[in-house]
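Single-structure report; data block below.
Positions are given from 1 along the sequence.
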Amino acid sequence: MSAPRLSSTPLPGIGVRYDLTTRDHGRRLSVVAHRDGHRTVSAYREDDPDACDLTVRLTSEEAATLIDALMPEHHTPNLLSTTDLGLVAERIELPGSSHWNGRLLGESRIRTDTGASVVAVLRRAEAIPSPTPHFRLAGGDILIVIGTREGVEAAAAILGRE
């Protein structure tokens, strides 16, 4: 049995579309991750993969609830992806009580001390890609961190320091 196929397509000005071809008769599902946080989930007909059977638009909260329902409890809900190279990408929220609240990202020495990299910061409805060492952190920021599992866990411990 072959592995499910997942592809992604950038949609300029909209977001990213993810297409999954299932093992069950090769049915196609797609999710459009809109820049505003909404998600559109579509299922396509088995007899005509270009004909849509169902489309549902979800708020970011509804999408998170659906993810929780699809994900077994023993998985980390913050895990975004794992590759064969042993790298993971994880969302780490900076608590308001964190020692780093209001400080510069470079002061945390995350990359130097853990080998993990902060590749983006989500702040309210804004995404800040590739933050520099001079980026000022704020409580509630969600940092997208990529590295080895150990490096990402060490980065989370640094960011959680009170």
Side-chain angles (χ1 to χ4, degrees), residues 1-96 98 100-101 105 110 116-132 135-149 151-153 155-156 159-160:
M1 199 180 278
S2 64
R5 294 178 309 232
L6 180 69
S7 63
S8 63
T9 306
L11 302 173
I14 298 170
V16 178
R17 185 184 75 218
Y18 298 94
D19 292 302
L20 170 70
T21 302
T22 68
R23 291 181 184 170
D24 179 27
H25 304 290
R27 291 213 47 188
R28 193 165 62 91
L29 300 172
S30 72
V31 175
V32 175
H34 297 267
R35 292 174 62 198
D36 67 0
H38 283 84
R39 301 291 187 262
T40 302
V41 180
S42 300
Y44 295 86
R45 290 179 30 184
E46 187 176 334
D47 62 335
D48 183 356
D50 293 324
C52 190
D53 256 349
L54 170 73
T55 297
V56 179
R57 184 168 167 91
L58 303 171
T59 65
S60 56
E61 293 83 14
E62 291 165 337
T65 300
L66 180 59
I67 289 167
D68 287 343
L70 293 171
M71 239 170 129
E73 285 187 31
H74 65 274
H75 283 95
T76 303
N78 292 327
L79 186 66
L80 296 176
S81 65
T82 305
T83 70
D84 292 335
L85 300 174
L87 298 177
V88 297
E90 194 166 316
R91 297 171 186 251
I92 301 172
E93 184 170 354
L94 185 74
S98 174
W100 304 108
N101 186 5
L105 176 60
I110 287 175
S117 296
V118 177
V119 297
V121 175
L122 308 176
R123 182 176 284 167
R124 292 181 286 281
E126 181 182 9
I128 299 110
S130 303
T132 69
F135 179 81
R136 193 162 302 277
L137 297 168
D141 282 352
I142 297 174
L143 287 73
I144 308 299
V145 180
I146 295 180
T148 63
R149 164 58 51 210
V152 170
E153 287 176 358
L159 292 168

Between atom [atom1] of [X] and atom [atom2] of [Y], what is the distance when rounded to the nearest 0.5 Å?
{"X": "D53", "Y": "D47", "atom1": "CG", "atom2": "CG", "result": "8.0 Å"}
{"X": "L122", "Y": "E93", "atom1": "CG", "atom2": "CD", "result": "10.5 Å"}
{"X": "L94", "Y": "W100", "atom1": "CG", "atom2": "CH2", "result": "10.0 Å"}
{"X": "L20", "Y": "R27", "atom1": "CG", "atom2": "CZ", "result": "11.5 Å"}
{"X": "I14", "Y": "D36", "atom1": "CD1", "atom2": "CG", "result": "11.0 Å"}
{"X": "L87", "Y": "T148", "atom1": "CG", "atom2": "OG1", "result": "7.5 Å"}

I need the minimum non-hydrogen distance between [X] and [Y], along with the two atoms involved.
{"X": "Y18", "Y": "A33", "answer": "CE1-CB, 4.1 Å"}
{"X": "I92", "Y": "V152", "answer": "CD1-O, 3.9 Å"}
{"X": "L159", "Y": "P95", "answer": "O-CD, 3.9 Å"}
{"X": "R39", "Y": "A63", "answer": "CG-CB, 3.6 Å"}

Name the one of S42, S30, S7 that satisfies side chain to side chain contact (heavy atoms under 4.5 Å, CB included) with R17? S30
Do R57 and E62 meet the salt-bridge criterion of a basic N to acidic O distance under 4.0 Å? no
Determine, step by step, whether T40 and T55 satisfy the side-chain contact (heavy atoms from CB on, under 4.5 Å) criterion, reporting the C-alpha distance in whole Å, the side-chain angles of both residues, the deciding distance to 0.1 Å, and the verdict. CA-CA 7 Å; T40 302; T55 297; 3.4 Å; yes
For R45, is there any backbone N or O sitting under 3.5 Å from a side-chain donor or acceptor partner on D48? no
side-chain contact (heavy atoms from CB on, under 4.5 Å) between T59 and H38, intermediate numbers included: CA-CA 5 Å; T59 65; H38 283 84; 4.1 Å; yes
Are side-chain heavy atoms of E153 and E90 found at a separation under 4.5 Å?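 Not touching, per the 4.5 Å side-chain cut-off.
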